[in-house]
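The block underneath contains the structure these notes are about, expressed in structure tokens.
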Amino acid sequence: MKEKIYNILQKIIEEKKYSLKGNFSVFPSDKKEFGDFSTNVALRIMIPGIQPQTTAEEIAKLIRQSKDMCLFEKIEVRNGFINFFLKNYQYQQIIENILAERDKYGSINAGKNQKILIEFVSANPTGPLTIAHGRQAAYGEALSRILKFAGYQVTKEYYLNDCGRQMDLLGESLKANYYQIKGENFSIPEDGYQGGYLKEIAKMIPEEVNDTSKEFWTHFAEKEILNGIKKDLLDFGISFDSWVRESSLRENGKVEEIIDKLKSKELIYEKENALWFSSTSFGDDKDRVLKKQDGSYTYFAPDIAYHYQKIEKGYNLLVDIWGPDHFGYIPRLKAALKCFGFSEDKLKVIIVQLTTLYRGKEKISMSTRKDQFISLRQLMDEVGSDATKFFYLFRKAESHLDFDLELAKKRTEENPVYYIQYAYVRASHIIKFAQENSLGNNNLLDIDISVLDKDEEKEILKKIAFFPEIIKQISLNLQVSGLAQYLLEVSNMFHSYYQKYRIVTSEDKTISHARIMLVECILRVLSNGLTLLGISLPEKM
RNA sequence: GCGCCUGUAGCUCAAUUGGAUAGAGCGAUGGACUUCGAAUCCAGAGGUUGGAGGUUCAAUUCCUCUCAGGCGCGCCA
């Protein structure tokens, strides 16, 4: 419908040879006295000496005289905006669409089957997942589902940094824990990992250790921690299509390959016994070391190879979801892609801001290396997966999130997620009740939608018709929070409507049938939306 | 010092990406269950959008300056 109106206006602009300043838009009206759709065309047309209001009147007049007018009840002009009021039968169309598309309702083909790779979490296997990872996980999973729904081919990937100094420290820390348990005087390295989880892992090591190589300790710790991470993700409802190990890139020569490629482009030089990449030529603030003085690679070197490989695999868009501590890393990675001739838009980095936990007023400061932290596991156990995810997703990714544990625990029943789930449960029970009273399961063709003439009913129909538009917006701006906000609004409208009007009644079957259809549509939007967010659909509460 | 994020109702956050009278929840006040689930609903209260300029028909949104908080600025990852 939006497109139809847009085309009608476009045609008029061409005929009248109006010159536009920027683009005009057609959007659903935010108030009912503004009709169903509004446009700002007149405000964008520049005619010296003529008020936008006059231009708007003229355009409105042209449409009123055309055959397109059959779509509209009326067209009004206010403040330079042109407001379109649709005829009733458009509502019928909305209901037919939703009931026909079922669990596909809302899906669109914005992606045209393009391939997107979303890399997220990618936590180092040096400790349990933190609440920061949890937010990234919830975000990445929801974004993946939404983009899939928007017509993209999506792959979810976890990049595992299983090499480097941090892994060495992990091994040494485990070794120290092991010998401490045996009563020997062995201290954990200064920058080592102090977490109690290493003590637990140390206890799992068999009595006699024959292999005391550095690799033994590292591998043992990594394996156990990774198992824990996988279990946390599974229980949180997050899954990955693919896992890529940093070590595999090193072993199969991908890192050397990429350095050779850079060398042939003359973007590599040697200074102070190290190899440098001239990333400044591509917008970075300083050049970066790829190979250190001691001959080992920095984190950056294999990461270039990794991202290069992603593009080689044919992905049209790479999305990386990172914590804010990696912010400064963006320019250098983009520089690397640019130097190979790829557009920097090929990579979109979403920075998911930190979550700060509070217990009441008290801020909980956390560090993986010290034993001071609340893990994602603890958070899930305390607050529940659904509520945790919703808290994470309800606000924009780039906003800092204050998560008060006491509050989240104490007021679980007042949490927005339960509000939405309750709307879902309530709607599904109404449908069930209707069926038990032989009022459900009607043939759509027998339903007279025009009896849905209450303002609330029209507003709800407009709202749920907007669902595909929400998906489209998110596919463009990658702001998952928009869906959570939207579902809350739908729930709110439904709860009010329910309170005001009786839905299942044997007094007037025509009205009852139509309202049951409406509730089924609401139910469909809620269930599709919650599923996209990774939140469960309870039978009862 | 440089870069980025944030600043909106007492608190936590929105605002269709430049649109019409800036909206929700929590908290506080008053009200609504003999009927489809009251984990709900209804009503009014609450604002100089941190501050000052600028761009234009229109600024919470864009630009400049400024104040406050957070994060980053490794041959760590």
Side-chain angles (χ1 to χ4, degrees), chain A residues 21-22 25 27-31 33-34 38 40 42-44 46 51-53 78-81 83 122-124 126 161 163-167 169 191 246 271-276 285-286 288-294 296-300 303 323-331 351 353-354 356 391 394-396 398-404 407 411-416 418-419 421-423 425-427 429-434 436-437 439 466 469-470 473 476-477 479 481-482 484-486 488-489 491-492 494-505 512 515-516 519 540-541:
Chain A
K21 188 174 70 176
S25 62
F27 49 93
S29 316
D30 43 359
K31 288 194 169 54
E33 59 260 40
F34 298 154
S38 304
N40 58 356
L43 301 165
R44 288 292 151 80
M46 307 219 323
Q51 292 290 322
Q53 180 77 13
R78 268 170 93 155
N79 298 333
F81 289 88
N83 298 323
S122 297
N124 295 352
T126 52
N161 307 122
C163 309
R165 187 174 139 70
Q166 296 304 326
M167 294 308 291
L169 279 172
D191 298 325
E246 181 183 345
K271 192 177 88 181
E272 294 160 0
N273 276 331
L275 276 191
W276 295 71
D285 357 326
K286 49 179 108 166
R288 306 292 172 175
V289 171
L290 294 181
K291 200 172 194 175
K292 302 182 230 171
Q293 275 184 355
D294 66 5
S296 65
Y297 294 117
T298 58
Y299 171 82
F300 188 33
D303 206 30
D325 50 333
H326 286 67
F327 193 89
Y329 192 76
I330 298 174
I351 296 293
Q353 282 293 338
L354 286 179
T356 313
F391 261 85
F394 192 51
R395 44 199 41 83
K396 289 185 295 187
E398 67 264 29
S399 300
H400 301 249
L401 168 57
D402 288 340
F403 199 131
D404 185 344
L407 208 72
R411 308 202 180 142
T412 46
E413 70 265 16
E414 284 161 9
N415 188 312
Y418 297 111
Y419 184 86
Q421 284 183 323
Y422 183 54
V425 169
R426 180 177 251 177
H429 276 92
I430 290 171
I431 302 298
K432 208 165 136 196
F433 180 86
E436 283 162 3
N437 290 274
L439 283 162
F466 195 60
E469 187 68 22
I470 293 286
Q473 275 171 23
L476 294 174
N477 64 19
Q479 295 277 6
S481 58
Q485 303 280 348
Y486 170 77
L488 194 65
E489 286 162 18
S491 303
N492 181 10
F494 171 62
H495 281 309
S496 292
Y497 176 65
Y498 166 87
Q499 209 78 25
K500 193 163 174 186
Y501 299 103
R502 178 83 197 178
I503 292 158
V504 180
T505 165
S512 197
R515 288 183 178 169
I516 290 165
V519 173
K540 56 182 178 182
M541 296 175 71

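Lettering follows sequence order; numbering is per chain, from 1.
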B:U17: syn or anti, per glycosidic angle within 90° of 0: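 B:U17: syn glycosidic orientation.
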When you check the phosphate oxygens OP1 and OP2 of [N], does a side-chain N or O of [X] lie under 4.0 Å from one of them?
X	N	answer
A:Ser399	B:A14	yes
A:Tyr498	B:A38	yes
A:Tyr419	B:C41	yes
A:Lys292	B:C76	yes

Touch class at under 4.0 angstrom, heavy-atom based, for [X] against every strand present:
X	value
A:Arg515	nothing
A:His429	base
A:Phe494	nothing
A:Asn477	base

Each stem that RNA chain B is part of, given as range with range (3 or more consecutive Watson-Crick or G-U pairs, under 3.5 Å):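 As far as RNA chain B goes, consecutive pairing (with distances under 3.5 Å) yields the stems B:1-7 with B:67-73, B:10-13 with B:23-26, B:29-32 with B:40-43, B:50-54 with B:62-66.
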Residues in salt bridge (Lys or Arg N to Asp or Glu O under 4.0 Å) contact with A:Lys500, at least two apart in sequence or another chain: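 Result, salt bridge (Lys or Arg N to Asp or Glu O under 4.0 Å) vs A:Lys500: A:Glu456.
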By salt bridge (Lys or Arg N to Asp or Glu O under 4.0 Å) - contacts of A:Arg502 (at least two apart):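 Here no residue qualifies.
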Candidates B:G69, B:C75, B:A38 - which lies nearest the side chain of A:Ala274: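 The answer is B:C75.
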